[in-house]
Structures are given as structure tokens and as C-alpha cells.
Amino acid sequence: MADFNKISKKWRKLWEEKGIFKVSEDPKKKKFYCLEMYPYPSEKLHVGHLRNYSIGDALARFKRMKGFNVLYPMGYDAFGLPAENAAIKHKIDPEKWTLDNIKAISEQQKAMGMSYDWSRKIQSCTPDYYKWNQWIFLKFLEKGLAYRKKSSVNWCPGCNTVLANEQVEQGKCWRCKSVVEQKDLEQWYFKITNYADELLNDINKLKNWPKRVKTMQRNWIGRSEGVEIDFKIKNSDEKISTFTTRADTVYGITYMVIAPEHPLVKKLVKGTEYEEKINKFIEEVKKEEISERIDETKDKKGIFIGKYFINPFNKEECPIYIADYAVMEYGTGAVMAVPTHDQRDFDFAKKYNLPLKVVITPKKKLLKEDEMTEAYIDEGILVNSVQFNGLDNKKAIEKISDFIEKKGFGKRTINYKIRDWLISRQRYWGTPIPIVYCDKCGIVPVPENRLPVLLPKDVKFSGTGNPLETSNNFVNCKCPKCGGKARRETDTMDTFVDSSWYFLRYCSPEFDKAPFDKKAVEYWMPVDQYIGGIEHAILHLLYARFFTKALRDLGLCKIDEPFKRLMTQGMVIKDGAKMSKSLGNVVDPADIIKDYGPDTARLFILFAALPEKELDWNDQGVKGAFKFLNRFYSLVEDNKKNISLDKIDLKQLNSKDKYMLSLMNHLIKDVTENIEQFKFSLAISDIMQFVSQVGKYANKNINKEVFSELVKTSVLVMSPFIPFVCEELWAMVGFKGFVSLAEWPKYDESMIDEKAESSEELLDNVKKDIAYLLNLIKIEKPKKLTLFVSEKWKYKFFKELKKEIEKTRDIKAIMKAIIPKFKENSKTVSKLIPLIVKNPGRIPLVILDQNTEFNVLQNSKKLFEDEFKSAVEIVKAEDSKQAKAKNAMPGKPAIVVE
RNA sequence: GCGGGGAUGCCGGAGUGGUCAAACGGGACAGGCUUAGGACCUGUUAGCUUAGUGCUUACGGGGGUUCGAAUCCCUUUCCCCGCACCA
């Protein structure tokens, strides 16, 4: 058995020595940028990573062989919490921990045969990278895209830092799953909301992104059109504005709810009898806010604040409540309540005995308040709405919105769910925010020529507080403006900032005048294929889109969207569950590689499931892949002597040779199409079938040139999946150079002969039948074999069909005409008709010959004679009588042995 | 609740109107090789039947369109994922 690990090491070394995967801009060649989401360098590579890279590498190799100039880089998302936590726990320098991990991981990636251009490796934790984070931050600041504000923020007590909205999942921290708290803090933000509209609209440009991801982004941006209406408060100069998408219901307003955090609440109740009660209520809500406020099934809780507002439409006075179901984060933090037409308002009104007023009713039956058991949210006609009565409610939204703007009650607005991106983090292992606070000058940006602001080494990791604050050299500095004493910003940037533009850096990783070289970016970008996990659907993928647009507006690049095509790989599961340490179902890729070699691991991963789908890891499947690999290898090795690289002499080919060449061209076609559509498992399945055919062929008297061509093709099309073994076989067959750089085979449509393929199958079947029969009657050496072929009813059928086809090409009509005449064979007939109608080339052949099978058998007489060492006679049974006499049935060759 | 995706043989998983009893792999069974096991090779693997390009039943359940449905439409059950009191 071949030692696959030895083979892998040998080729890996050769690839590295020759640097064959290094690329540079070449305007003459078409580029292809293949990118995998760069990994966080944790201590070990897991199978999910392996899958990600196997998919990407197969595609990159395929495109390279297809003649593209392929940019396929790798780098590391090297800033982040685990490094810092390791520092606290094991007293290791986070930098050393990170760089050691990177070394180990890149070693594994190399061992797996990934064809990265390693000269473009980037690590986000090195100053030559994060300097440009700071540079971009300053540019954003100039443009007003970065700003500082005090606000209620998400605080993760587990990570001891604030989080962006996108990083909170169901009230919990995305990384450590701690319950997130709210805190009022002054923090740095990126103004992603400036791009909300463009980010939403441009989703339509992302034709080759999974629907799921696009939907998630749309929902996250959460655009809704409506009106903002201002309500005057009775006996006060204040007014409250509310946002609604249902302007048609304004005459049904019976009260208002505002969020407990709403800044007006304290003002309004100050000094009144309600003040104490309200403050108590707010405290209560705040306490339970985290877990319970999120729970939708919970009763809505609220309290009257002792104030009334005036509905500008009908001058009615209605009470103002604060309630936990109003949230400050959305709209204006206040809701005009229409209990008859909103379920939440309805529930609340019922609980606190607030009045109901119907303003929309179904056409058929007038809706009555006292009969309602739930809110009426469907379409209908306006009632109780003065001049708008009788209008269709959808039209009424427009009319009333016009009215609102005309009267100055409010204005049309568009609301988004997306918030600005909070990028400050109270942690050490990240990019320092290049800002200095001076008592005299205030917030002062560090000048561009003094970048990078380096992370200091003299810090203490105590586990509490931001370690950066322990470095006096770092914190205490001089104001760049006035030279006076100043304090440096100790917050670092969210690591998602690093990953928002790393794909641009790959284009010119050494460039030192800007984050990236505009020219290189113009050549390589956008990324043609991006591959990664679904978990980044609204985190990284949204941020990266935002960055690209913002950098474009800074004049740094020209593209609108960074990723042309996105593939989100499925999870790897085992025994029906996600791999996890607690379940004990973790597979270590290193073990698989050790036992079976890297190619087996790659082959199994790509074969076991389509890339987007979940992959169920099973060890038997791994063995199966290994078995195939061995079979493939020995097929070539055992037949080395049958290799001849001379040109095929087409005149010398027998039917079997032609058949194999047909299969081969068919294979190239299918595999190429399947790879282009990411259907790797199908491509591999095609190749497996082909290889087993080649194996059968190899046992025969073969044409050496044909055989060599078959082997060459198999090795070529298999090489994106199992590159090491294919390099070995390529060299074994006697080809020069690397198969990794060889040209992808082209197929010749004229060589694909489906007739030959099906004839070959027929012969195989007949041969099997003969063998079976001989075995049955225990005759080893028959004197003579007579094969009867009878096709009586089919012959009639073809004649009928020919007539019908001359009349029409409509399958339906033909079916209707013919099927009743062949009731007994209706199933076969209904299969044959569309086949023949759709492949007109076959009609004359089938009809004129009476039956193809006879001819095929006739032509292969010699083949049978050789095979069974006996005289063979092929007889066409002209009618069923003769056939029956010799035991031949319609539609099938019968065999008579003498 | 809203949105997205699923349900196929013993298993993983292809297949989106006719060439489908359904690729490929695994498992199981039988046979070959072998002292035996492993490895390897061949065949079988819905039921009946067979010397079969035969018949019947079948791609979660029910209904429909069609000469014809795993595939299209409607409906229903179940599962997974994302968002979540969004005004």
C-alpha cells in the first residue's frame, strides 16, 4: 500500500521550493479571487475549518487549472479575547500565544495541501496591519463616520467590555453567552446608519448570495416607512413624537405608551404626585429587563404617568402611560396606541381598562368594540375618521400622511432597526483607538504621521479592568495639539474592524503608503468567491459591506460590494449533534491525517455532503474515501507498463476504446459543470464511476494510448480534490511539471456517443445473461450460441410514431394518439415517446433498423465468440411465433445454447 | 409571532415533469481469494416474479394539475435555523 503521508510531504516540499502558488497582477490573464474567511488562531484547527479550506482549495485549484490568475490568500484574525484570557489564566504574553498558534495552524494548513499564496499572509495583530485600522479610523473621523457619544450600551460582564448590537444574541453575548447588561457609557461609534439605505438596496445586486443571508441582512437593517407625528402634552410646553407605519389608524388612538427610559418621563413627572411611583416602576423594569423583558409571552406591564396628550386630529385628550413594551431603541421610543388595530395595544388596553375605538372595519360586517376579542389587523375601510371615512385603509395611509405633512402635525420618515456600530472595547488585545484626551483641547486625534499607536508591553493582566490602563507610559502622553499633559484613549477597537477590510489588504500586503494599493485592488477586487460560516451573516458580512462603501466614498477604491459570490458552508455534525467537547464527539483532523493522509480527509469532506449542507461525520465514510484512494492509486501503479504517451490513432480504435473515450469526454463535461456549481460530491461521484470503468477496461486487451488518456484525465479532474496523490500519479505516468499547474482537460462533444454507451451496456447485459444461462445449465464449452432478437410490437410502435411525428411535435398530442393503441406496453411507450421526440437524431435510426439491438449484437458477434469460445449466431425473430418457438420474448434477446 | 430551509431506500445523501426502484458511498447478505481473520474482488440489497428492457407498491400525510409526478400547485403534520414586544 502506498504511504500517502510520505507522498504528501514530498509534494508539499516541492511546491514550497518552487513557490508555484505565488501570484501577481497580470493584466493579460483573467483574475479569480477565491477567499475563505480568515480564521481566529485558536489553539487547534477543527473539522469545520478543514471543510472551509477544502472547499476553497478545490475551487482555487480548479480555476487555476482553467487558466485564471488565482488570488488565494490566507491570514489570521489575530486580535481578540481568547489570547487575553490565556494571558490572564496562564500568564502568557498574548502576542506570543497568538503567534505560536498561527505557526501551528499554518503548519496544518500546509500539511493539508492548501494552495495559498503564503507570501501574502497577514496577521491583524501586527503594527503593519493595525496601523491602517487607526488610519482608517482617522479618515472616518474626518468624514464624520466615526464619532463619540454617551448612550445606553450593551455590557457583557463575562468579557468585561461593551458589545455592538450585532454581537448580542437573544440578550446574550455572542462569544461567551453571558447575559448582557445595559450601561450608560461614552463610546466610539461608526456611522453605519448613513449607509442603511444603500446597504439594503444593494442586497439586490448580490445575485449569487444565499437567500437566507440576504433575508437576514434585510431584517437586520429593518427599514420601515411611516410617519412621525408630534403630540402636544396638555398643560406643558413639551411634545412627544411617535413613529407609526399605520397612519390610517390615527383616529383610533386612545392612549400613548412611552419607554421607561424615555428622557421626557422624568421631566413630566417631576414634582407631581406620580414621581415616586413612576421612579419605582422604572427601577423594577430595569431590574427584570434582561431576562423577562425579552420574554414576549409575559404580560405587558405599564403605569399611568398623570399626563395627557392632545390628538391633533380630533383634539381628544388621552392618557400617557409608560410601559415595558415600548423600547427606546426603536423609532422615537414612544407609541401611539390604537388598541383596536394592534394586538399589543389591545392586550394592554384590556388589562388597564382603556377605551377602544374602531376606525377600520371589514367591508362585510361592521366591527364593534364590545364584540372584539382581538385586534383587527387586516385590511378594511375607514370609519369614525371624519373626512377619510369610506377610504380603503391602504389608500388612507397615503392620504392621511399627506394631511399630516400639510397641517404640520408631523412628517414622513423612514425608520431603521440597525443602530450605529459601537466599536470601543475595554480590552487590551486589539487596535488602540488613536485618540488623546487633553484638558485644554478636548478630543484630539493622533496625527497620521505618528501612527501606529503601538500596544504597550508593560501591562498587567489581573482579570479585572482594562489592562491598558495599567501602562503609565501608554496612558500618560502629550497632547499632539498643544503639547500639554494628556491622557490616551485606552479603549481598543472591536476586532470586527480588522476583518472589515482584510480582503483588500491581501491585494497588496506589503504596501506602506495606505491600507492598500489602489491599483492592485482595482485588479483583484471584488472577491469572486467568498466561503465561510453562516454565523457571520449579519456581523462580519454587513460590516465588510459597510467598510467597502465607506472606503469607496473616501476615494480609496471603486467597488460598491466586496463579495460577488458567497457560499456559506454547512456545519459539521457527528452522531446527530454539533461537535462539542461536552458531548465527546469531537474529531481531531490531525488524527485523520495521521491515519489516512490529508487527501483522504479532503476527499471524505468534499464527498460526504454538498458544501452548503450539514456534514455528518462518520468514520466509515472516511474509510470509504480511503479505500477509493487506494483503488485509484493502484489502478495507475499496477498498469504503469500499459502507459504510452503517443498520440491516439483514431483508426485503430475498437468499439470498447471508443466507448471509453466517450465516457471520458462525458466525464469531463459533467465534472466541469458540477464543480462550477459547487456540487463537489457529485463531481467526485462521477469520477468514482469513471475510475471503476477504467479499472474494468484495464483488465482487457487495451489500447495503451487510450488507457493513458483515460488515466491522465482521471488524474487531472481528481487533482483539485486530492492534490498530493494526483501529483504523485502525474509524475508516475511520466508527465513533466506539476499537475497543480496543468491545464484542465477540455471535452470534445463529438466524442460523446451516447449510442455507443448504451450499446455497451446492452452488450454487458447480454453477456451477463449468457454467463448466467451457461452456469444454470452447467455447460462450460457450448458449441454454438444462438441469440434471438425480437421486437415485433416495438416495430409497429415506431411505425405509428413516425406517422404521428410527421403531423406534430407536440408530445401531449402524440401521447394521446398512441398510448391507447399500446395499452399493454403503455409504460414503456410513455417512456419512449418523449425520448424519441426530443432526440430527433435517433428516429431514423431506430425506425429504419427495426431495432438497434439486433445490429449492435450483430456487430459484436466476434466479441461474443472470443468471450465464450463458441460459434455465435444472431437471429432476428421476424414475428412472435418464431420467437416463441425458440423461447424468445418480445423486446429481449433470447439465447439458445447447443 | 415573522422570516428562511427541510422531510427520499437499512444509513449518509443525489435527483426538481418522462432514459427513476432512484447516482455515489457506507452498512447488511451471498460468492471468490485466503489456513483463518483483515484487506481486496464480484454479485444481491421495496415486494412478486424471472433466462426479464416484466408486474405491483413506493420519495412525511391528504388532495389536485397531467397521457405521465419524488419532481409542479393546494392543504396538513413534523423537524431545523435566524430575528424577536419594531409601533
Side-chain angles (χ1 to χ4, degrees), chain A residues 1 169-171 210-216 218-220 222 224 226 242-246 257 293-298 300 323-327 329-338 342-345 347-348 415-417 534-535 537-538 571 604 607-610 612-625 627-628 630-631 634 679 681-682 684-689 692 695 754 758 762 765 768-770 772-773 776-777 794 811-820 825-835 837-839 853 887-895:
Chain A
M1 201 181 291
E169 294 170 346
Q170 274 141 47
K211 213 173 172 182
R212 189 152 71 118
V213 175
K214 292 198 276 190
T215 314
M216 281 163 82
R218 277 194 194 103
N219 291 342
W220 187 261
S224 54
T242 65
F243 174 76
T244 183
T245 53
R246 294 292 305 271
V257 277
R293 214 172 148 182
I294 279 165
D295 182 6
E296 195 190 334
T297 56
K298 192 197 66 153
K300 302 186 185 338
D324 53 0
Y325 80 89
V327 289
E329 282 76 44
Y330 188 73
T332 60
V335 184
M336 49 166 248
V338 185
D342 182 287
Q343 191 57 41
R344 286 158 307 163
D345 297 346
D347 295 341
F348 191 82
N415 232 306
Y416 296 94
K417 278 201 288 177
I534 186 79
E535 66 272 19
I538 42 180
M571 263 195 316
F604 167 69
F607 177 61
L610 288 178
E612 300 92 335
K613 299 226 171 168
E614 257 179 15
L615 184 147
D616 192 15
W617 189 279
N618 74 78
D619 300 332
Q620 249 112 30
V622 178
K623 271 189 200 158
K627 252 160 64 177
F628 172 79
N630 275 301
R631 221 180 304 147
S634 37
K679 295 184 173 176
S681 58
L682 300 186
I684 293 169
S685 144
D686 292 338
I687 302 170
M688 282 175 167
Q689 283 176 70
S692 87
E754 289 184 26
S758 63
L762 175 78
N765 284 336
K768 263 186 223 163
D769 285 345
I770 296 173
Y772 182 89
L773 190 65
L776 201 76
I777 55 180
K794 267 195 199 169
I811 293 182
K812 285 196 174 190
I814 296 174
M815 289 281 191
K816 271 187 181 157
I818 291 190
I819 288 177
N825 302 88
S826 63
K827 200 163 179 175
T828 317
V829 169
S830 62
K831 280 179 193 170
L832 284 171
I833 292 174
L835 212 80
V837 177
K838 281 180 194 165
N839 302 291
E853 289 158 6
N887 221 3
M889 297 285 279
K892 192 205 175 270
I895 306 142

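Lettering follows sequence order; numbering is per chain, from 1.
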Can you check the distance between B/C11 and B/A28, where both ends of the measurement are the C1' atom (answer in whole Å)? 11 Å

For a quick check of understanding: with a heavy-atom distance under 4.0 Å over all strands, which category does A/Ile534 fall into, base, sugar-phosphate or nothing? nothing

Within the structure, does a side-chain N or O atom of A/Lys623 lie under 4.0 Å from either OP1 or OP2 of B/G27? no

Taking all heavy atoms of A/Leu615 and all of A/Ala609, pick out the closest pair and write down the distance. CA-CB, 4.1 Å

Determine the contact category for A/Lys627: base if any of its heavy atoms lies under 4.0 Å from a base atom, sugar-phosphate if only primed atoms, P, OP1 or OP2 are that close, otherwise nothing. sugar-phosphate

Specify the closest pair of heavy atoms between A/Met336 and A/Arg246, including all atoms of both residues, with the distance to one decimal. CE-O, 4.1 Å

Of B/C85, B/C24, B/A14, the nucleotide closest to the side chain of A/Phe607 is B/C24

Taking the P atom of each, how far is B/U19 from B/C29, in whole Å? 33 Å

How close do A/Ile538 and A/Met216 get, counting heavy atoms only, and between which atoms? CG2-O, 3.6 Å

For B/C72, give its Watson-Crick or G-U wobble partner with both distances under 3.5 Å, or none. B/G64

B/A30 and B/G68: how far apart are their P atoms, nearest whole angstrom? 44 Å

Across every strand shown, the nucleotide meeting Watson-Crick or G-U wobble geometry with B/G38 (both distances under 3.5 Å) is none

Which base, if any, makes a Watson-Crick or G-U wobble pair with B/U19, both distances under 3.5 Å? none

Mind checking the CD1-CE spacing from A/Ile534 to A/Met571? Nearest 0.5 Å is all I need. 11.0 Å

State whether A/Arg344 places a side-chain N or O below 4.0 Å from either non-bridging phosphate oxygen (OP1 or OP2) of B/C86. yes

Say we look at B/C80 and B/G52: how far apart would their P atoms be, to the nearest angstrom? 47 Å

Would one find a side-chain N or O of A/Lys679 under 4.0 angstrom from OP1 or OP2 of B/G15? yes

Looking only at atom C1', what distance separates B/U56 and B/C20, rounded to whole Å? 16 Å

Can you check whether A/Arg218 has a side-chain N or O nearer than 4.0 Å to OP1 or OP2 of B/C83? no

Side-chain heavy atoms of A/Ile684 within contact of A/Phe604, under 4.5 Å: no

Are there over 12 heavy-atom neighbours, none belonging to A/Lys623, within less than 6.0 Å of that residue's NZ? no

Partner lookup for B/G9, please. Criteria are Watson-Crick or G-U wobble with both distances under 3.5 angstrom; report none if nothing qualifies. none

Using purine N1 to pyrimidine N3 plus N6-O4 or O6-N4 for Watson-Crick, or N1-O2 and O6-N3 for G-U wobble, each under 3.5 Å, what pairs with B/C2? B/G82

Integer angstrom distance from the P of B/G26 to that of B/G38: 16 Å

Distance check, P atoms only: B/U76 and B/U44, in whole angstrom units. 44 Å

Straight-line distance of A/Glu612 CD to A/Lys679 NZ, nearest 0.5 Å: 9.0 Å

Between A/Glu169 and A/Thr332, which has a closest nucleotide on RNA chain B that is more 5'? A/Glu169

Using a cut-off of 4.0 Å on non-hydrogen atoms, how would the nucleic acid contact of A/Gln689 be classed: base, sugar-phosphate, or nothing? sugar-phosphate

What nucleotide among B/A14, B/A87, B/G4 has an atom nearest to a side-chain atom of A/Thr215? B/G4

Watson-Crick or G-U wobble partner of B/A58, both distances under 3.5 Å: none

Can you tell me the pairing partner of B/A28 across any strand shown, Watson-Crick or G-U wobble, with both distances under 3.5 angstrom? B/U44

What is the distance, to the nearest angstrom, from the OH atom on A/Tyr325 to the P atom on B/C85? 13 Å

Look at all strands and tell whether A/Lys211 reaches a base, only sugar-phosphate, or nothing, counting heavy atoms closer than 4.0 Å. sugar-phosphate

From the candidates B/A87, B/G12, B/C81, the one with an atom nearest any side-chain atom of A/Asp616 is B/G12

Select from A/Ala609 and A/Asn219 the residue whose nearest nucleotide in RNA chain B is closer to the 5' end of that strand. A/Asn219

Nearest-angstrom distance, P atom, B/C41 to B/G25: 11 Å

